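In what follows, a structure is listed as structure tokens, so that the remarks can point back to it.
Residue numbers begin at 1 in each chain, while the letters A, B, ... track the order of the sequences. It should be emphasised that the depicted structure is a prediction, and the values quoted were computed from it without experimental measurement.
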There are 2 protein chains.
Amino acid sequence: MSETDPTQIKGFNRARERAARALLEDYVEMISDLAAEFGEARITEIAARLGVAHPTATKAVSRLKREGLAVSRPYRGVFLTEAGEALAESVRARHRTVVALLLAIGVPEEVAELDAEGIEHHVSRRTLEAFEAYLARSERGEKG
Amino acid sequence: MSETDPTQIKGFNRARERAARALLEDYVEMISDLAAEFGEARITEIAARLGVAHPTATKAVSRLKREGLAVSRPYRGVFLTEAGEALAESVRARHRTVVALLLAIGVPEEVAELDAEGIEHHVSRRTLEAFEAYLARSERGEKG
DNA sequence: CCAAATTTGTAGCCGAGGCTACATTTCGCA
DNA sequence: TGCGAAATGTAGCCTCGGCTACAAATTTGG
């Protein structure tokens, strides 16, 4: 054994980190959406929209606070920090790009939205750039 | 909306199931690769290639056995069942398609391989079909 | 053929992300 | 104004996927 082609090592820590980050991203995006809609994000509403029990949302928000992405006071709404808002916006932008790419490829609309939710968290900066470039080319009429 | 509504999607289990399935898929694929290469897959080798400690691989293999995807005897190699082999092959095929799609879009090769590993687990059947159709069109020269 | 090295198994810990049950605070309204 | 309903917090439990440490089995080679 032991030679273990360095190229083949998958580094599962990356998988876990990704999963954790994906969760944070989903919460941040949801909080941002709720802030836009209601002026603040309540734990109960966050939990309801993400389909989890409220203590689960509470724990996640604790993590967001620990990471400096959100702030909140007991029995009050949750608010994003500047870092949180920035993350939310980049997540939203990436989501739009991924959906647009899938649609351009020919993925049915309903499916595109659903799959994008899972896919977007694994799209690296460079891949995102490639997506954007492709979409720009498509829009210039070089095929669709 | 805070009451326990049984008809409502019971939680974020979808995300967890996805993550769990992604892990199983990675292990199954790796075991299949090792079987092809060495005739059998040893725990130590599986762990090394996936970049985890061996007890982690042992636990994962236990899960595979529980799910009927693999069999093994103490201090011996791990082997896939028919179901496991079938899963491995479909995973491999999907991986190839995702990488091909990314390359066709213009994603750099190194990035395509890396991102595909994360993306592939979130590509649904219908999206995969769309990818294949797109690739078929590209190959027929309709511009890509 | 036996001892050392390697491989595998097992025990037990951790944190994440779920859950339920119950306590507490805030809010709405009669 | 006060009380009940709704929202939030807290405690405690589960599984999963990591880990380390140590025990047991197997393989290797002198």
Open item on the list: Taking the nucleotide of DNA chain C with the nearest heavy atom to each, does B/S72 or A/P55 sit closer to the 5' end?
Closed with: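 Its nucleotide being nearer the 5' end, the pick is B/S72.
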Roughly, in whole Å, what's the span from [atom1] in [X] to [atom2] in [N]?
X     : N      : atom1 : atom2 : answer
A/I46 : D/dG9  : CD1   : P     : 10 Å
A/R73 : D/dA7  : CZ    : P     : 19 Å
B/L24 : D/dG17 : CG    : C1'   : 11 Å
A/L50 : C/dG17 : CG    : P     : 13 Å
A/E25 : C/dG17 : CD    : P     : 12 Å
B/Y75 : D/dA25 : OH    : P     : 6 Å
B/I43 : D/dT26 : CD1   : P     : 15 Å
A/E40 : D/dT8  : CD    : C1'   : 13 Å

- [ ] Verify the neighbour count for atom CD of B/E110: are there more than 12 heavy atoms of other residues, nucleotides or ligands below 6.0 Å?
- [x] yes
Open item on the list: Counting only heavy atoms from other residues, nucleotides and ligands, does the tally under 6.0 Å from CD of A/E37 exceed 12?
Closed with: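 It does: A/E37 CD has more than 12 such atoms within range.
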- [ ] Check whether the aromatic ring of A/H54 stacks on the base of D/dT8, taking stacking as ring centres less than 5.5 Å apart and planes within 30° of each other.
- [x]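 According to the criterion (under 5.5 Å, under 30°), yes, A/H54 stacks.
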Task: Option from A/E120, A/E117, A/H122 for which side-chain hydrogen bond (donor to acceptor under 3.5 Å, both in side chains) with B/H122 holds - done: A/H122
Is the distance from OP1 or OP2 of [N] to the nearest side-chain N or O of [X] less than 4.0 Å?
X     : N      : value
A/R42 : D/dT8  : yes
B/R76 : C/dT8  : no
A/R66 : C/dA16 : yes
A/T44 : D/dT8  : yes
B/T56 : D/dC19 : yes

Task: Backbone N/O of B/G77 and side chain of B/S72: donor-acceptor pair under 3.5 Å - done: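 Not a single qualifying donor-acceptor pair exists.
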Task: Short side-chain to backbone donor-acceptor contact, B/R66 and B/V61, under 3.5 Å - done: no
Open item on the list: Measuring from the side chain of A/Y27 (C-beta onward, heavy atoms only), which nucleotide among D/dT20, D/dA7, C/dG18 has the closest atom?
Closed with: C/dG18
